[in-house]
Amino acid sequence: MLTHWSRTLIRTARHVPAEAEVPSHQLMLRAGLIRKLGSGVYSYLPLGLRSLQKVSAIIRDEMNKAGAIEILMPTLQPMELWEKTGRREAYGDNLFVVKDRHGRTQALGPTHEEIVCDLVGGYLESYRDLPVTLYQIQTKFRDEYRPRFGVLRSREFQMKDAYSFHMDLDSLTETYDRQYQAYCNIFKRCGLPFEIVEAEAGPIGGSASHEFMVPSPTGEDLILKSDKGNYAANVEKCEIAPRPRNPEDINADPTGKLEKVHTPDCPGIEDVCKFFKKNLGSKLKTANMLKTLVCQSDDGQWVIGIVRGNHDLNEGKLRNASGNTQLALADETEARKAGFAIGFVGPQVAVGRDDVQLIVDADAAVGNFWVTGSNEVDHHVKHFNWKRDVLDHDVKVQVADIRNAMAGDLSPQNDGGILEETKGIEIGHVFKLGDKYTKSLNIEALTKDNQRVNPLMGCYGIGVNRIIASAIEQESGHDEQGIIWPKAIAPYTILITPIKYTGRVAEVCDQIAADLDALGIDILLDDRDERPGVKFKDADLIGIPWRITVGDKGLEQGHVELKARDGSIDDKVALDQIVTAITSAIGLRA
RNA sequence: CGGGGCGUAGCUCAGCUUGGUAGAGCACCUGUUUUGGGAACAGGAAGUCGCAUGUUCAAAUCAUGUCGCCCCGACCA
């Protein structure tokens with residue numbers, strides 16, 4: 001396809017709205033790929049849309065090869081389905097909710113497990129109908145708490161989601177593996193470096209799950225990798241090798257008399273340490289504090305997680321350890337009402353109350369010099385001791401792994417590997433869901449021996465716009481001048497830049513464009529009446545992989561110039577050789 | 001949801017403290033000269049100063065409210 005620059009909508013900009021913080025967001029705005037309409041809501045302009053379409057085409061190709069069937073499901077979804085699966089609650093405020101004129105509540109779909117179950121359930125009769133894998137590429141909605149980084153975290157976005165149905169686990173595993181492989185193919189074809197990590201299934205629910213991540217400092221996911229190269233996981237999921245621990249440690253003797261310290265306006269771990277240093281001249285380390293976090297399950301049960309001051313609570317781990325299916329940090333006001341001096345809570349708060357469950361991380365359940373909250377505003381205690389201050393008061397303490405893994409921890413492979421931290425952008429996620437949805441929505445199929453069973457499900461998502469943003473975000477995806485597109489997903493493959501689009505130069509440009517067009521190559525021809533410098537700057541900014549420059553000087557000597565945006569080619573090419581040069585650069589058979 | 005900041009031309013921002021003619025750069029239009037890495041000159045078009053109410057002879061400017069946008073925020077930095 002041939003597009004004339006002057007006839008399409010490409011508006012480049014030197015300045016960027018101040019709100020764009022990360023390279024991909026800035027460049028997508030500057031190069032005229034997107035335009036913001038509202039918080040986390042973007043229009044796609046021609047260049048951006050063409051990239052999206054190229055990515056979508058790759059996804060479709062690989063999905064079809066993997067045996068998935070394309071459909072299109074509604075965005076507007078009846079709320080009853082979400083209530084049946086319990087996900088209205090689980091998704092919480094992230095679910096976009098709208099009311100129709102009759103006052104009925106509907107959801108704008110952030111994902112389609114409920115809908116695809118309803119769809120498949122309507123037709124599914126027996127094991128002969130399975131397995132089946134359905135997919136769609138469609139706009140999804142999430143009422144993000146904080147939309148950010150342009151298209152990386154937006155409220156409206158394109159997603160490829162696929163769902164598979166199976167009679168047994170072997171079949172599910174087979175499809176899961178096929179999708180997993182298809183994902184590898186897709187991201188590779190899109191020119192993205194990616195890593196695969198073990199993941200927590202999140203509000204989708206289910207068992208096995210992997211995330212596909214593009215390593216990037218902009219990423220909002222923290223990944224831990226073993227330095228032995230045999231384990232990688234999202235911090236939400238990452239386990240830690242059993243920490244050497246003597247169960248007697250929690251019964252260790254006190255380090256001193258329990259002493260109350262006045263710590264005005266110091267609700268934070270760091271605040272307390274600074275206060276100790278400044279006002280008491282003692283070098284209190286965060287590792288010597290106990291962090292006491294008040295959580296509440298959906299049925300109102302108080303669960304208190306305790307980790308060391310330099311560790312972070314992992315809510316998922318705490319939820320599992322507590323035996324709840326839902327658990328979140330407690331609402332501050334409610335917690336205060338229930339007698340928790342938020343900011344100054346310590347484990348002793350459980351003494352004398354039978355409505356709290358105390359769960360302590362292995363690293364915190366030891367004898368040590370501890371400073372922790374005194375359960376009284378503006379006060380902490382030092383020389384806290386588990387035995388004297390908690391256990392001897394008949395309080396039950398459960399010890400578990402409830403903290404986030406961090407760099408330096410031992411790999412759960414237990415082979416001496418040390419975990420390292422990196423950040424990543426999540427571009428794909430595959431799950432084995434099991435029968436969570438088919439059960440709650442009562443989807444059944446008959447087995448060979450005439451038994452009714454709930455089929456097993458898998459689900460497989462890809463963030464289409466995130467692929468584009470992370471392609472630009474990656475190190476080789478941009479430089480000072482602008483975008484450097486991976487070949488396969490660039491809006492155009494070739495940019496033809498005439499120094500001046502008139503006379504013989506224009507004729508040559510048109511001829512080259514026609515020749516390449518005939519080969520099925522997509523071309524952008526910069527026919528604008530602009531100075532050469534402007535065209536070159538814009539060319540670098542929008543990052544088309546190959547640029548053919550045609551000018552009078554070159555033509556006098558019978559050549560044009562071929563330049564690759566990534567710097568790999570910068571040649572003068574004889575006019576009659578340019579088509580061959582291009583096809584060989586692209587890897588096409590001429 | 002809490003805290004902070006910002007809404008003035010398509011974009012970046014000044015003007016607001018101390019109320020009195022609406023400003024600059026980039027972009028845009030016309031003309032002339034230019035033309036191989038974001039040209040120069042001359043002229044021009046473009047803003048109900050987010051919206052509402054109030055104070056005032058007079059409001060972009062002060063007050064209140066409201067909407068939008070951005071950043072930060074949970075014993076997390």
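Numbered from 1 within each chain, the chains take letters A, B, ... in sequence-line order.
Look at A39(B): its Watson-Crick or wobble partner, with both distances under 3.5 angstrom, is U33(B). For A63(B), the paired base is U53(B) (Watson-Crick or G-U wobble, both distances below 3.5 Å). Judged by Watson-Crick or G-U wobble contacts below 3.5 Å, the nucleotide C11(B) has G25(B) as its partner. Nucleotide G47(B) forms no Watson-Crick or G-U wobble pair with any nucleotide shown, as no partner meets the under 3.5 Å limit on both distances. The base-pairing partner of C69(B), taking Watson-Crick or G-U wobble contacts with both distances under 3.5 Å, is G5(B). When both distances must be under 3.5 Å, the Watson-Crick or G-U wobble mate of A58(B) does not exist.
At a cut-off of 3.5 angstrom, the base of G38(B) holds no donor-acceptor pair with the side chain of Arg528(A). Asp552(A) contributes no side-chain N or O that forms a donor-acceptor pair with the base of G36(B) under 3.5 Å. Judged by distance alone, with hydrogens and angles left aside, Lys563(A) brings a side-chain donor or acceptor within reach of the base of G37(B), the pair sitting under 3.5 Å.
Taking atom C1' in both G4(B) and G19(B), the straight-line distance is 27 Å, to the nearest Å. Here, U21(B) and G38(B) have their P atoms 41 Å apart, quoted to the whole Å. Using atom P as the reference point in both A60(B) and G50(B), the two lie 10 Å apart (nearest Å). Straight-line distance between the P atoms of U17(B) and A63(B): roughly 9 Å, to the nearest whole Å. When the C1' atom is compared between U34(B) and A42(B), the two are found 15 Å apart, to the nearest whole Å. Rounded to whole Å, the P atom of U12(B) lies 15 Å from the corresponding atom of A27(B). Comparing the same atom, C1', in A14(B) and in A40(B) gives a spacing of 26 Å after rounding to whole Å. Here, A9(B) and C49(B) have their C1' atoms 11 Å apart, quoted to the whole Å.
Look at CG on Leu29(A): it is 14 Å from C1' on C70(B), rounded to the nearest Å. As rounded to whole Å, 16 Å separates atom P of G36(B) from atom CG of Asp538(A). Separating the CD atom of Glu19(A) from the C1' atom of U12(B) is a distance of 12 Å, rounded to the nearest angstrom. Between the NE2 atom of His25(A) and the C1' atom of C70(B) there is a distance of 11 Å, given to the nearest Å. Rounded to whole Å, atom C1' of G36(B) lies 13 Å from atom CD of Gln557(A). Rounded to an integer number of Å, the gap from Lys500(A) NZ to U34(B) C1' is 10 Å. In this structure, CZ of Arg146(A) is placed 16 Å from P of G5(B), rounded to the nearest angstrom. In this entry the distance linking CZ of Arg35(A) with P of C11(B) reads 6 Å, nearest Å.
Listed candidates were G36(B), C11(B), C1(B). Nearest to the side chain of Tyr145(A) is C1(B). In this structure, the nucleotide among C69(B), G37(B), C72(B) sitting nearest to the side chain of Phe536(A) is G37(B). Closest to the Arg148(A) side chain, of the nucleotides G38(B), G36(B), C71(B), is C71(B). Considering only the side chain of His15(A), U12(B) comes nearest among U12(B), C72(B), G36(B).
Of the side-chain N and O atoms in Ser39(A), none sit less than 4.0 angstrom from OP1 or OP2 of G68(B). Applying the 4.0 Å criterion to OP1 and OP2 of A40(B), one finds that Arg531(A) has every side-chain N and O outside that range. For U35(B), the OP1/OP2 oxygens have no side-chain nitrogen or oxygen of Lys535(A) closer than 4.0 Å.
With a glycosidic angle further than 90° from 0, U18(B) counts as anti.
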Query raised in the report: Given the rule in the salt bridge (charged side-chain N to carboxylate O under 4.0 Å, His left out) test, do Asp566(A) and Lys487(A) qualify, once you have shown the distances and angles that lead to the verdict?
Result: CA-CA 10 Å; Asp566(A) 65 9; Lys487(A) 277 79 182 168; 2.8 Å; yes
Report task. Please test Arg547(A) against Glu561(A) for salt bridge (charged side-chain N to carboxylate O under 4.0 Å, His left out), starting from the C-alpha separation and ending with a verdict. Result -> CA-CA 8 Å; Arg547(A) 186 180 89 204; Glu561(A) 288 152 54; 5.7 Å; no
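For Trp82(A), the ring-ring contact (aromatic ring centres under 6.0 Å, His included) partners are Tyr91(A), not counting sequence neighbours.
Remark: Arg155(A) fails to qualify as a cation-pi partner of Phe141(A) under the 6.0 Å distance and 45° angle criteria applied to the six-membered ring. With a 6.0 Å cutoff to the six-membered ring centre and a 45° limit on the axis angle, Arg88(A) does not count as a cation-pi contact of Phe96(A).
Judged by closest nucleotide on RNA chain B, Gly554(A) is the one of Glu270(A) and Gly554(A) placed further toward the 5' end. Both Glu21(A) and Arg30(A) sit near RNA chain B, but only Arg30(A) has its closest nucleotide nearer the 5' end.
A donor and an acceptor atom, one from each side chain of Thr263(A) and His380(A), are located under 3.5 Å apart. Residues Asn404(A) and Asn314(A) bring a donor and an acceptor atom of their side chains to less than 3.5 Å of each other.
Across all strands, Thr372(A) comes closer than 4.0 Å to no nucleic acid atom at all (heavy-atom distances). Within 4.0 Å of Val272(A), counting heavy atoms only, lies no atom of the nucleic acid at all.
The residues Asp552(A) and Lys500(A) are annotated as not salt-bridged, no charged nitrogen and carboxylate oxygen being separated by less than 4.0 angstrom. Residues Arg148(A) and Glu220(A) are paired through a salt bridge, judged by an N-O separation under 4.0 Å between the basic side chain and the carboxylate.
Taking the six-membered ring where the residue is Trp, Phe369(A) and His383(A) present perpendicular rings, their angle passing 60° and hence far from 30°.
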Close N or O pairs between protein and nucleotides 27-29 of chain B (under 3.5 Å):
{"residue": "A27(B)", "atom": "OP1", "partner": "Arg14(A)", "partner atom": "NH2", "Å": "3.1"}

